[in-house]
*Asks:* 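Mind having a look at this structure? Questions to follow.
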There are 2 protein chains.
Amino acid sequence: MKYEELIEQPCSITRPMTVLGDRWTFLIVKQSFAGVRRFEDFLTSLGISRGLLSERLDRLVEHGILDREPYKDERRTRMEYRLTTKGRDLYPILIAIRDWGDTYMAPDGPPVHYRHAGCGGEAHVHITCDKCGEELSAHDVAPEPGTGAVRA
Amino acid sequence: MKYEELIEQPCSITRPMTVLGDRWTFLIVKQSFAGVRRFEDFLTSLGISRGLLSERLDRLVEHGILDREPYKDERRTRMEYRLTTKGRDLYPILIAIRDWGDTYMAPDGPPVHYRHAGCGGEAHVHITCDKCGEELSAHDVAPEPGTGAVRA
DNA sequence: TAACTAGGTCTGAAAATAAGACTCAAGAAA
DNA sequence: TTTCTTGAGTCTTATTTTCAGACCTAGTTA
């Protein structure tokens, strides 16, 4: 199967993966959250090659995750890539990955704390039931076909 | 930069991506949560090629995300790949991706509902502060170096 | 005018992926 | 006993992606 064909699968995990599921895309988004906006800054902070960065930024813009806008520096016009609302909504995925990374891949402790500004507590993700409010784990959840499923 | 070198970066988002950030790995994990355990079942449900599936399963086992065990069918011995605790802890990432996928890539509505067994409500992720309990968005969070950061 | 900078494009070599043929062992069928 | 089928892979070849670095272009500064 061609990887691109996966986007047609009726699965809300598979479909985002066709957009985000490669080596670099998610790291670019991560840098965006960290305030990186310019081509050269993505380039040097990530160590990605120019060609790939160019292609990936284009794709993120196409998918409406980043906006590409020229803006006036003091003197020159430069390009900026900024997260859209759709892009900012990826934040829980980022924090979920960070929680797992801190737990299993950070032998020297968390490299970065994500603190509640002002309060000083740390941000973590939780799965909760939107009806009873209880905190859930994988055991408590049962998948069930929805309206977007393909009828056989 | 070689992609593999990224695993040394002091970042709990980058490091998991070196394990999970390719076309197929996360989809294999997704299938594991859906109850798939056998080689042939991953193969047909995902449409991945044999060689890649073999290599990816090995890698997930190496990283302690799946366990590979022979088990007795009625008559024969077969292989099973099952999530470890480390693997099950990926669930919030999965649900976070699904939330985003349902919001932005499911024009016909959610293909699958992830329901709280018994209660019937739906599972969603939230970012909360572990000190004050408030629900947070990207705006409310400020990154700050931790013990695992490299000193410059 | 020359050099520099941001933001790219182009190119060739190396690596990863796709598709399918082949292997091998165990158990079932004839 | 020989053959067939099945699960779980390995191997091979062609195609795609990725890497690394050279090159390009327009405005800026010296």
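Per chain, numbering begins at 1; letters A, B, ... match sequence-line order.
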*Asks:* In whole Å, I'd like the distance from the CG atom of L6(A) to the C1' atom of dT17(C).
*Replies:*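 Interatomic distance, CG of L6(A) to C1' of dT17(C): 13 Å.
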*Asks:* Tell me whether the OP1 or OP2 atom of dT18(D) has a side-chain N or O from R56(A) closer than 4.0 Å.
*Replies:*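 The answer is yes; a side-chain N or O of R56(A) sits under 4.0 Å from OP1 or OP2.
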*Asks:* Run the side-chain hydrogen bond (donor to acceptor under 3.5 Å, both in side chains) test against R37(B) and tell me which residues pass, sequence neighbours left out.
*Replies:*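 Once residues adjacent in sequence are excluded, R37(B) has no partner under the side-chain hydrogen bond (donor to acceptor under 3.5 Å, both in side chains) criterion.
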*Asks:* Among all residues two or more places apart in sequence or in another chain, which pass the ring pair (Phe, Tyr, Trp, His ring centres under 6.0 Å) test with Y104(A)?
*Replies:*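 Expected list: W100(A).
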*Asks:* Measure CD/E69(A) against C1'/dG7(C) and give the value in whole Å, please.
*Replies:*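 Going from E69(A) (CD) to dG7(C) (C1'), I get 16 Å.
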*Asks:* Which whole-number value in Å describes the distance from R38(A) CZ to dG8(C) C1'?
*Replies:*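 Taking atom C1' of dG8(C) as the reference, CZ of R38(A) is at 14 Å.
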*Asks:* Could you list all N or O pairs between the protein and nucleotides 26-30 of chain D that sit under 3.5 Å apart?
*Replies:*
{"from": "dT29(D)", "atom 1": "OP1", "to": "R75(A)", "atom 2": "NE", "distance (Å)": "3.4"}

*Asks:* What is the distance from CG of L52(A) to P of dT11(C), rounded to the nearest Å?
*Replies:*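 Answer to the nearest Å: 17 Å.
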*Asks:* Starting at atom OH of Y71(A), determine the distance to atom P of dA6(C), rounded to an integer number of angstrom.
*Replies:*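 Rounding to the nearest Å, OH of Y71(A) and P of dA6(C) are 10 Å apart.
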*Asks:* Can you name the nearest heavy-atom pair linking A123(A) to I127(B), along with the distance?
*Replies:*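 Heavy atoms of A123(A) and I127(B) come nearest at CB-CG2, 3.8 Å.
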*Asks:* Listed by chain and number, what are the salt bridge (charged side-chain N to carboxylate O under 4.0 Å, His left out) partners of D140(B), not counting sequence neighbours?
*Replies:*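 With neighbours one apart ignored, the set is empty.
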*Asks:* For the pair made of CG in L53(A) and C1' in dT9(C), what is the distance, rounded to whole Å?
*Replies:*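 The distance from CG of L53(A) to C1' of dT9(C) comes to 13 Å, rounded to the nearest Å.
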*Asks:* For the pair made of CZ in R78(A) and P in dT5(C), what is the distance, rounded to whole Å?
*Replies:*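 Nearest whole value for this atom pair: 11 Å.
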*Asks:* Once ring pair (Phe, Tyr, Trp, His ring centres under 6.0 Å) is applied, what residue pairs with a partner in residues 27-57 of chain A remain, sequence neighbours excluded?
*Replies:*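 Non-adjacent pairs meeting ring pair (Phe, Tyr, Trp, His ring centres under 6.0 Å): F33(A)-Y91(A).
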*Asks:* Just how far, in rounded Å, is P of dG8(C) from CD1 of I48(A)?
*Replies:*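 Rounding to the nearest Å, CD1 of I48(A) and P of dG8(C) are 13 Å apart.
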*Asks:* Report, one pair per line, the protein and nucleotides 9-11 of chain D atoms (nitrogen or oxygen only) whose separation is under 3.5 Å.
*Replies:*
{"from": "dG9(D)", "atom 1": "OP1", "to": "R68(B)", "atom 2": "NH2", "distance (Å)": "2.5"}
{"from": "dG9(D)", "atom 1": "OP2", "to": "Y81(B)", "atom 2": "OH", "distance (Å)": "2.7"}
{"from": "dG9(D)", "atom 1": "N7", "to": "R50(B)", "atom 2": "NH1", "distance (Å)": "2.4"}
{"from": "dT10(D)", "atom 1": "OP2", "to": "S54(B)", "atom 2": "OG", "distance (Å)": "2.6"}

*Asks:* Only counting residues at least two apart or in another chain, list the ones meeting side-chain hydrogen bond (donor to acceptor under 3.5 Å, both in side chains) with S32(B).
*Replies:*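 Partners of S32(B) by the side-chain hydrogen bond (donor to acceptor under 3.5 Å, both in side chains) criterion come out as none, since no residue qualifies.
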*Asks:* Side-chain polar contacts of residues 14-21 of chain B - donor-acceptor pairs under 3.5 angstrom, sequence neighbours left out - could you list them?
*Replies:*
{"from": "T14(B)", "atom 1": "OG1", "to": "K30(A)", "atom 2": "NZ", "distance (Å)": "3.1"}
{"from": "R15(B)", "atom 1": "NE", "to": "M105(A)", "atom 2": "O", "distance (Å)": "2.9"}
{"from": "R15(B)", "atom 1": "NH1", "to": "Q9(B)", "atom 2": "O", "distance (Å)": "3.3"}
{"from": "R15(B)", "atom 1": "NH2", "to": "M105(A)", "atom 2": "O", "distance (Å)": "3.1"}
{"from": "T18(B)", "atom 1": "OG1", "to": "R15(B)", "atom 2": "O", "distance (Å)": "2.6"}

*Asks:* Would E80(B) and R82(B) pass as an ion pair if we require N to O under 4.0 Å?
*Replies:*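 Yes, this pair counts.
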*Asks:* Just to confirm, is there a sub-4.0 Å distance from OP1 or OP2 of dT17(D) to any side-chain nitrogen or oxygen of W24(A)?
*Replies:*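 So the side chain of W24(A) is outside the cut-off, no N or O lying under 4.0 Å from OP1 or OP2 of dT17(D).
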*Asks:* Going by the rule side-chain hydrogen bond (donor to acceptor under 3.5 Å, both in side chains), which residues pair with H63(A) if we only count those two or more places apart in sequence or in a different chain?
*Replies:*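 With neighbours one apart ignored, the set is empty.
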*Asks:* Of G47(B) and R23(A), whose closest DNA chain C nucleotide lies nearer the 5' terminus?
*Replies:*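 Looking at DNA chain C, the more 5' nearest nucleotide goes with R23(A).
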